[in-house]
Amino acid sequence: MKKKIYIGVAWPYANGSLHLGHIAGCYLPADIFARYNRMKGRDVLMVSGSDEHGTPITITAENEKTTPQDIVDKYNKEHTENMKQMGISFDLFTRTTTKNHEKVVQDIFLTLYNKGYIYKKNVKAFYCNHCNRFLPDRYIEGTCPYCGNEKARGDQCDECGKMLDPEELKNVKCKICGGTPEIKVSEHLFFALSKFESKLKKWIKKNKHWKSSVLKFTENWLKEGLKDRAITRDINWGIKVPVDGFEDKRIYVWFDAVIGYLSASKEWSQKIGSPDKWVEWWRNKDAKHYYFLAKDNIPFHTLIWPSILMGYDETLNLPYDIPANEYLRLKGEQFSKSRGTAIWIPNILEKFDVDAVRYYLSINMPENKDTSWMWDDFVAKNNDELVGAYGNFVHRVVTFTYKNFGEIPALKELDDFDKEALEKIKETSMKVSEAIEKCSFKKGLRAAMNLAQFGNFYFDQKQPWNLVKNDKEGCGTVLHICLKIVKALAVFMAPYLPFSSDKIWNVLGYKESIHTISWDQCLEDLKAGVELEKPRPLFKKLSLEEIIVPAEEEVFSKLDLRVARVIDVKDHPNADTLYLLNLDVGELGKRVIVAGMKPYYSKDEIKGKSIVIVSNLKPAVIRGVKSNGMLLAAEDENGVCSLLNPGDATPGSKVVIDGIPQEPVNVLEFDDFKKVNMIVDENQKATYKGRILYTEKGDVVSDRPVKKGAKIL
RNA sequence: AGCGGGGUGGGGUAGCCAGGAAAUCCCGACGGGCCCAUAACCCGUAGAUCAGUGGUUCAAAUCCACUCCCCGCUACCA
């Protein structure tokens with residue numbers, strides 16, 4: 001029987017688009033691994049799906065005035081589409097809202113319940129009689145017992161930063177209706193994680209081949225002792241609890257999502273018409289289970305999911321390896337759905353070839369530490385490595401052969417260098433294999449790229465352009481070897497760059513897809529005489545200017561910078577360094593903003609001044625007071641802080657710069673604003689990208705002398 | 001400030017978890033070669049006290065302690 005490889009990939013949460021961080025973190029490595037193993041002749045089963053239950057989705061639905069089902073349908077469709085576009089070769093990408101999944105989850109739940117691994121326990125929680133529901137912590141507001149802030153949330157006080165238990169709050173209110181909720185006892189079901197502690201410890205001892213970060217993380221959790229966790233929630237969006245008396249509750253998302261690994265395997269079996277097929281992966285001792293996920297997901301896969309499996313059915317396979325990745329950041333910031341800084345898959349695929357993106361994500365994969373998506377680096381690696389080294393080698397070889405022979409020439413006499421070249425292919429095959437088997441994907445790619453470089457070297461040394469004139473046979477041999485290298489490269493790159501590899505395969509005259517062939521094909525002979533197709537360049541060069549400049553200026557144009565006059569200054573009631581400024585913003589009316597200028601300016605100094613504000617910044621509550629925008633101030637490397645002075649421009653008038661159109665958005669996210677880097681120049685003028693900010697009355701300058709290059713925030 | 005992750009030639013990195021001849025690869029710089037190829041490719045040269053200090057050891061980038069700096073999350077960053 002063929003070796004079985006099971007690949008489970010983290011389930012993307014269905015309340016937002018996928019971004020590059022998701023792909024680099026788990027989908028791409030999983031796909032590389034899957035494609036490689038299929039070529040190695042192993043039976044691969046790779047599954048995942050959208051994670052579609054839980055509170056955040058219900059909140060998104062409320063915000064968008066629609067139903068959870070709509071939200072989930074929308075993102076499941078998008079995720080499915082994006083996975084396909086990125087070339088992620090799932091055997092099944094499903095969702096947690098299927099009947100099958102519900103059935104499997106309930107079965108596991110009930111079994112664990114009957115075995116005593118799930119038990120009832122009373123929990124105190126706030127219940128709103130008016131809304132007729134239990135309130136999650138974040139829907140509770142009350143007076144903080146520590147600092148007296150009246151708007152502390154159930155889980156935390158924004159004023160003093162203390163973590164709270166909802167019961168500690170005084171004057172508790174329901175955030176939804178404003179009514180007064182009461183504490184009610186609610187019965188919930190708990191999963192007895194603690195009962196698995198010793199078993200888990202034993203099991204983990206056997207898993208020394210895990211990545212150190214995964215091992216360390218898990219051991220830390222175990223050290224602190226495992227706590228039983230509530231696995232039911234007082235909401236109505238989720239899987240029904242198959243226990244009497246829990247009709248109003250649902251199974252908690254994290255519990256249902258991990259079970260997707262099993263339920264999806266079963267669903268896949270049904271879909272291919274052999275419903276018991278999943279057993280070959282799950283009850284076969286020789287099958288190996290791999291789980292791909294990002295670091296924030298580690299304990300769910302190293303502790304919780306194994307516990308569920310152990311408790312449910314001892315004969316099921318536990319994870320063999322969990323090569324969790326770190327994070328991919330965008331220029332130092334983490335990719336995240338909740339912040340506006342990500343690069344979304346739907347957008348990026350409009351602009352770039354999939355394989356170019358896959359190449360950069362692969363060569364830059366956050367295998368051992370966080371890495372960054374840097375646009376200049378993306379362009380450099382695309383142009384110098386993918387296009388320059390790999391693409392160019394393939395193209396120069398195929399083009400040259402096509403022009404001079406039109407077909408694959410025969411292999412004749414070999415000299416030592418030729419033999420070395422053929423040996424190099426074998427060697428690379430081993431290196432790439434070994435690396436991918438160990439989930440060292442970067443290493444594998446690099447090994448393949450080295451072969452491309454060697455190919456260029458060989459081609460150069462052999463000078464076929466000279467040979468063709470007086471030794472056509474010898475020239476043919478050289479090209480035959482080069483084409484063998486090209487063929488091998490297509491195989492080695494197939495897991496990483498599936499689309500371009502397929503193209504090369506066809507150019508070489510093969511009719512089938514490269515993804516159906518065996519890895520060992522990389523060493524097999526080429527048939528002389530096969531006609532070549534007319535070659536086209538595989539990859540395109542990119543230019544940084546086209547990519548990056550519009551992106552940043554786009555953000556600047558969203559700003560609505562205005563002149564404002566300070567009418568009044570007060571101390572912030574709950575902060576040492578903050579003022580409340582009452583501003584006159586002309587046509588935009590009057591408003592209050594919070595400003596951290598107390599250490600730098602006295603009240604008298606500020607009062608009456610004209611300043612510059614970002615008027616369309618998303619309002620934020622800062623220590624209990626809502627701030628409607630923020631003022632611009634400069635701070636230099638010595639810590640000198642200065643307001644920006646718009647001269648005697650009228651309140652409400654616009655602050656603009658030349659060359660960038662003004663298209664202010666209604667609400668500007670703070671994260672977007674942060675991307676705009678304005679500085680003070682040597683003449684004390686406020687600038688963006690070397691262009692001076694000005695109003696109808698003249699240039700905006702720094703109120704106090706600051707050093708050149710002072711950052712404006 | 002709390003938690004987490006890092007600091008290796010100009011930039012980006014590998015190696016460090018299982019210490020051993022002063023260190024990998026890519027880009028960049030400089031010099032040379034080639035002209036088949038998407039002004040691509042090939043060869044050569046320069047360039048690192050492996051953040052700092054102290055310790056363990058016959059031996060440390062690799063182990064331990066402390067310090068400094070950077071980044072992410074959280075926060076009276078607005």
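What you see is a predicted model; the values in this text were computed from it and never measured. Note: hydrogens, waters and symmetry copies are ignored here, and every other heavy atom, side chains too, is used. Chain identifiers are assigned alphabetically (A, B, ...) following the order of the sequence lines, protein sequences preceding nucleic acid strands; residue numbering begins at 1 within each chain.
- Because its NZ or CZ atom is not both nearer than 6.0 Å to the ring centre of A:Tyr360 and within 45° of the ring axis, A:Lys381 does not count as a cation-pi partner of that residue.
- Protein atom CG of A:Asn382 is 14 Å distant from nucleotide atom C1' of B:A40, rounded to whole Å.
- Ion pairing between a basic and an acidic side chain is recognised when a charged N comes within 4.0 Å of a carboxylate O; A:Asp703 and A:Lys609 show such pairing.
- Remark: B:A21 base-pairs with no nucleotide in the shown strands. Criterion, Watson-Crick or G-U wobble with two distances under 3.5 Å.
- The separation of B:A18 from B:C63, taken at their P atoms, amounts to 9 Å, rounded to a whole angstrom.
- Comparing B:C36, B:U38, B:C41 by their closest approach to the side chain of A:Asn392 singles out B:C41.
- Across B:C41 and B:G5, the matching P atoms stand 39 Å from one another, rounded to whole Å.
- Set against B:G15, B:U38, B:C42, the side chain of A:Asn368 has B:G15 as its closest nucleotide.
- When both pairing distances are held under 3.5 Å, B:U45 makes a Watson-Crick or G-U pair with B:A29.
- With a 3.5 Å ceiling on both atom-pair distances, B:C16 lacks any Watson-Crick or G-U wobble partner.
- Between the C1' atoms of B:G10 and B:C68, the separation comes to 23 Å (whole Å).
- Counting to the nearest Å, the P atom of B:C77 and the CD1 atom of A:Ile593 are 13 Å from each other.
- For the C1' atoms, the distance from B:G15 to B:A48 is 15 Å, rounded to whole Å.
- Nucleic acid contact class of A:Phe393 (heavy atoms, under 4.0 Å, all strands): none.
- Between A:Trp373 and A:Phe378, a ring centre-to-centre spacing shorter than 6.0 Å is recorded.
- Note: CE (A:Met374) to P (B:C71) measures 15 Å, nearest angstrom.
- Backbone-only engagement by A:Gln461 is indicated by non-hydrogen atom pairs under 4.0 Å involving sugar-phosphate atoms exclusively.
- Base pairing of B:G4: its partner is B:C71, meeting the Watson-Crick or G-U wobble criterion (both donor-acceptor distances under 3.5 Å).
- Which of B:A14, B:C26, B:A37 sits closest to the side chain of A:Gln453 comes down to B:C26.
- Looking at A:Ser500 and A:Met493, their side chains never come closer than 4.5 Å, going by heavy atoms from C-beta outward.
- The residue A:Lys443 sits apart from the nucleic acid: no heavy atom pair falls under 4.0 Å.
- Side chains of A:Trp210 and A:Ile204 form a contact here, defined as non-hydrogen atoms less than 4.5 Å apart.
- Across all strands shown, A:Leu538 has heavy atoms under 4.0 Å from base atoms, whether or not it also approaches the sugar-phosphate.
- Pairing for B:U57 is absent, with no Watson-Crick or G-U wobble pair whose two atom distances lie under 3.5 Å.
- A 4.5 Å side-chain heavy-atom check between A:Asn325 and A:Lys211 finds at least one atom pair inside the cut-off.
- Look at the C1' atom in both B:G44 and B:G4: the space between them is 45 Å, to the nearest Å.
- Residue A:Lys369 places no side-chain N or O under 4.0 Å from the OP1 or OP2 atom of B:C71.
- Using a 4.5 Å heavy-atom cutoff, the side chains of A:Lys484 and A:Ile425 are in contact.
- With both ends at atom P, the span from B:A46 to B:G55 equals 35 Å, rounded to whole Å.
- Rounded to whole angstrom, the span from the CG atom of A:Asp376 across to the P atom of B:U13 amounts to 12 Å.
- Going from atom CG of A:Leu386 over to atom P of B:A40 covers 14 Å, rounded to whole Å.
- For the pair A:Ala389 and A:Arg536, nearest-nucleotide mapping onto RNA chain B gives the more 5' position to A:Arg536.
- Distance noted for atom C1' between B:C64 and B:C71: 25 Å (whole Å).
- Taking the P atoms as reference points, B:C34 lies 33 Å from B:A23, given to the whole Å.
- For A:Pro537, the side-chain atoms get nearest to B:U38 when compared with the rest of B:U38, B:A37, B:G12.
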List, with names and distances, any nitrogen or oxygen atoms from the protein found under 3.5 Å away from nitrogen or oxygen atoms belonging to nucleotides 28-35 of chain B.
unit_1 : atom_1 : unit_2   : atom_2 : d
B:G33  : N2     : A:Asp460 : OD2    : 3.2

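- For the OP1/OP2 pair of B:G5 and a distance below 4.0 Å, the side-chain nitrogens and oxygens of A:Lys295 include no atom meeting the criterion.
- Within 4.0 Å of A:Ala380, counting heavy atoms only, lies no atom of the nucleic acid at all.
- Between A:Tyr458 atom OH and B:C36 atom C1' there is a gap of 14 Å when expressed in whole angstrom units.
- In this structure, B:C34 forms no base pair with any nucleotide, since neither Watson-Crick nor G-U wobble geometry is met with both distances under 3.5 Å.
- Heavy-atom distances to RNA chain B give each of A:Phe457 and A:Lys469 a nearest nucleotide, and the one nearer the 5′ end belongs to A:Lys469.
- Remark: aromatic rings of A:Phe539 and A:Tyr359 are distant, center separation not under 6.0 Å.
- The side chain of A:His395 lies closest to B:U38, out of B:U38, B:C42, B:C25.
- Geometrically, A:Arg704 does not engage A:Tyr600 in a cation-pi contact, judged by NZ or CZ lying under 6.0 Å from the ring centre and within 45° of the ring axis.
- Going from atom CD of A:Glu367 over to atom C1' of B:G15 covers 14 Å, rounded to whole Å.
- Taking atom CD1 of residue A:Ile363 and atom C1' of nucleotide B:U24, one finds them 13 Å apart after rounding to whole Å.
- Contact annotation: A:Lys540 side-chain N/O to B:U38 OP1/OP2 distance is not under 4.0 Å.
- The minimum heavy-atom distance between A:Asn404 and A:Lys472, with the atom names listed, is O-NZ, 3.1 Å.
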